[in-house]
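Computed from heavy atoms alone, side chains included, the values below leave out hydrogens, waters and symmetry copies. Please read all numbers here as calculations on a predicted model, not as lab measurements.
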Amino acid sequence: MRTQPLRAEVDKLRRAPIWIAYAVLPLIAATIGTFNYQQNLGVLTPGWENLWAQHTLFELCFFLPALVGAGCSWLMGLEHAGSNWNQVLASPVATWRVVVAKLVVGAGMLGVALAVTGALFVACGKAVGIAGLPSANYVVYLLLSWMGGVAVVAVQLLVSSLVRSFAAPVGVALGGAVMGLLLTAKGWGLWWPWALMQLASNSNGSGALSPAELVSFVAASVLFSAAATAACAWVVSRAAAVSE
């Protein structure tokens, strides 16, 4: 019984493999990034750092947040149809467990995207002749990006619980990512969940997070994730109660 909500979400994912988009998007970003890297070698220093920037700058700052928004709209949209939420909540399962199951699936799909991003980064680097292998720092960037991205998943689930439209939450995610760039430039990125992946990835070459920044980053990621998940569970339970 404890794993019932998660099993239900995984079964839905098997029937509608939206996770494939999470694998295709990094492939598109890697193709564009590698092309840009090769075309700009006259002004870029050849090496893993500049290839990483070309691969991830637009993916983690724009494309992936929008895709997370679409994925969360899909996760919530299935229950928004008809009286599905009432049927789900009529089962002997706590509301928060249903929402957490969706968070786990959303985080898993994000993990697929970031794992593919890392694999393509190495493969493309070797294909264009970069010597050696990238340092372990890039694994850290990906792991921290996933942690920050989980907060985006939680917030987007909350948005999708409030807005039944599929497209509107995607627009919120893209707008949030753009605002994240502006806030990060002003040093306020930690206060904005959509900026966390950008901060963690070092996609702009500004350097890894310092120890003090890392503590703040982890705290912000956990806080946004927990608060948004709790709020989403409350919204869902209230909406079901009102519709009864």
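Val116 places none of its side-chain heavy atoms less than 4.5 Å from the side chain of Leu27. Annotation: side chain of Cys61 is in contact with side chain of Ser203 (closest heavy-atom distance under 4.5 Å). Proximity of Phe62 to Val178: side-chain heavy atoms (C-beta onward) are separated by under 4.5 Å at one or more points. Taking the side chain as every heavy atom from C-beta outward, Pro46 and Ile130 never approach each other to under 4.5 Å. For the pair Val100/Val98, no side-chain contact is recorded, criterion being any heavy-atom separation below 4.5 Å from C-beta on. You'll find the side chain of Val236 stays beyond 4.5 Å of the side chain of Lys102, heavy atoms only. Annotation: side chain of Pro134 is in contact with side chain of Val122 (closest heavy-atom distance under 4.5 Å). Using a 4.5 Å cut-off on side-chain heavy atoms (C-beta onward), Asn50 and Leu41 make no contact.
Between Gly189 and Thr184 the shortest heavy-atom distance is CA-OG1, 3.8 Å. Heavy-atom minimum distance, Ala168 versus Ser165: N-OG, 3.2 Å. When all heavy atoms are compared, the tightest approach of Pro26 to Ala113 is CG-O, 3.4 Å. Of all heavy-atom pairs spanning Pro65 and Met197, the tightest one is CG-CE, 3.9 Å. Summarising the geometry of Thr229 relative to Ala154, their closest heavy-atom pair is OG1-CB, 3.8 Å, with the distance given to 0.1 Å. Nearest heavy-atom pair, Cys124 versus Leu51, reported as atom, atom and distance to 0.1 Å: C-CD2, 4.2 Å.
Side-chain heavy atoms closer than 4.5 Å link hydrophobic residues (I, L, V, M, F, W, Y) into clusters, and following such links, even through other members, never connects Val139 to Val112. In the hydrophobic cluster analysis, where Ile, Leu, Val, Met, Phe, Trp and Tyr join through side-chain heavy atoms closer than 4.5 angstrom, Trp191 is grouped together with Leu182. A single hydrophobic cluster is seen to contain both Met109 and Ile20, as judged by linkage of ILVMFWY side chains at heavy-atom distances under 4.5 Å, directly or through other members. Note: the hydrophobic cluster containing Leu223 does not contain Val152 (ILVMFWY, side chain heavy atoms under 4.5 Å, direct or indirect links). Using a 4.5 Å cut-off between side-chain heavy atoms of Ile, Leu, Val, Met, Phe, Trp and Tyr, with links allowed through other members, Val10 and Tyr22 fall into the same hydrophobic cluster.
Checking each of Tyr141, Trp48, Tyr37 against Phe121 for a ring-ring contact (aromatic ring centres under 6.0 Å, His included) leaves exactly one that passes, namely Trp48.
From Thr117, atom OG1 reaches atom CG of Leu25 across 7.5 Å, with rounding to the nearest 0.5 Å. Rounded to the nearest 0.5 Å, atoms CG (Asn137) and CG (Leu142) are 11.0 Å apart. From Glu59, atom CD reaches atom CD1 of Ile32 across 10.0 Å, with rounding to the nearest 0.5 Å. Taking CG of Asn40 as the reference point, atom OG1 of Thr45 lies at 12.0 Å (rounded to 0.5 Å). In this structure, Ile28 CD1 and Phe58 CZ are separated by 15.0 Å, a value rounded to the nearest 0.5 Å. Atom OG of Ser145 sits about 6.0 Å away from atom CG of Leu114, to the nearest 0.5 Å.
Cluster partners of Phe224, by chain and number: Val140, Leu144, Met147, Leu190, Leu196, Leu199, Leu209, Leu214, Phe217, Val218, Val222. The rule joins Ile, Leu, Val, Met, Phe, Trp and Tyr whenever side-chain heavy atoms lie under 4.5 Å apart.
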Subject >> Test side chain to side chain contact (heavy atoms under 4.5 Å, CB included) applied to Ser221 and Val150, step by step >> reply: CA-CA 8 Å; Ser221 298; Val150 171; over 6 Å; no
Subject >> Stepwise side chain to side chain contact (heavy atoms under 4.5 Å, CB included) check, Cys232 with Met76 >> reply: CA-CA 11 Å; Cys232 184; Met76 284 294 186; 3.3 Å; yes
Original post:
Which is it for Leu174 and Val170 under the side chain to side chain contact (heavy atoms under 4.5 Å, CB included) test, yes or no, and what are the steps along the way?
Top reply: CA-CA 6 Å; Leu174 186 56; Val170 179; 5.7 Å; no
Original post:
Going through the distances and angles, do Leu75 and Ile18 end up as a side chain to side chain contact (heavy atoms under 4.5 Å, CB included)?
Top reply: CA-CA 10 Å; Leu75 286 169; Ile18 189 174; over 6 Å; no
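Ring to ring, Tyr138 and Trp52 are close: their centroids are under 6.0 angstrom apart.
A donor-acceptor pair is defined here as one N or O able to donate and one able to accept, closer than 3.5 Å; such a pair exists between the side chain of Gln198 and the backbone of Ala177. With hydrogens and angles disregarded, no donor-acceptor distance shorter than 3.5 Å links the side chain of Thr34 to the backbone of Thr31. With Ser161 contributing its side chain and Leu158 its backbone, the two residues share a donor-acceptor pair below 3.5 Å.
Applying the ring-ring contact (aromatic ring centres under 6.0 Å, His included) test to residues at least two apart or on different chains, none of the pairs has a partner in residues 144-190.
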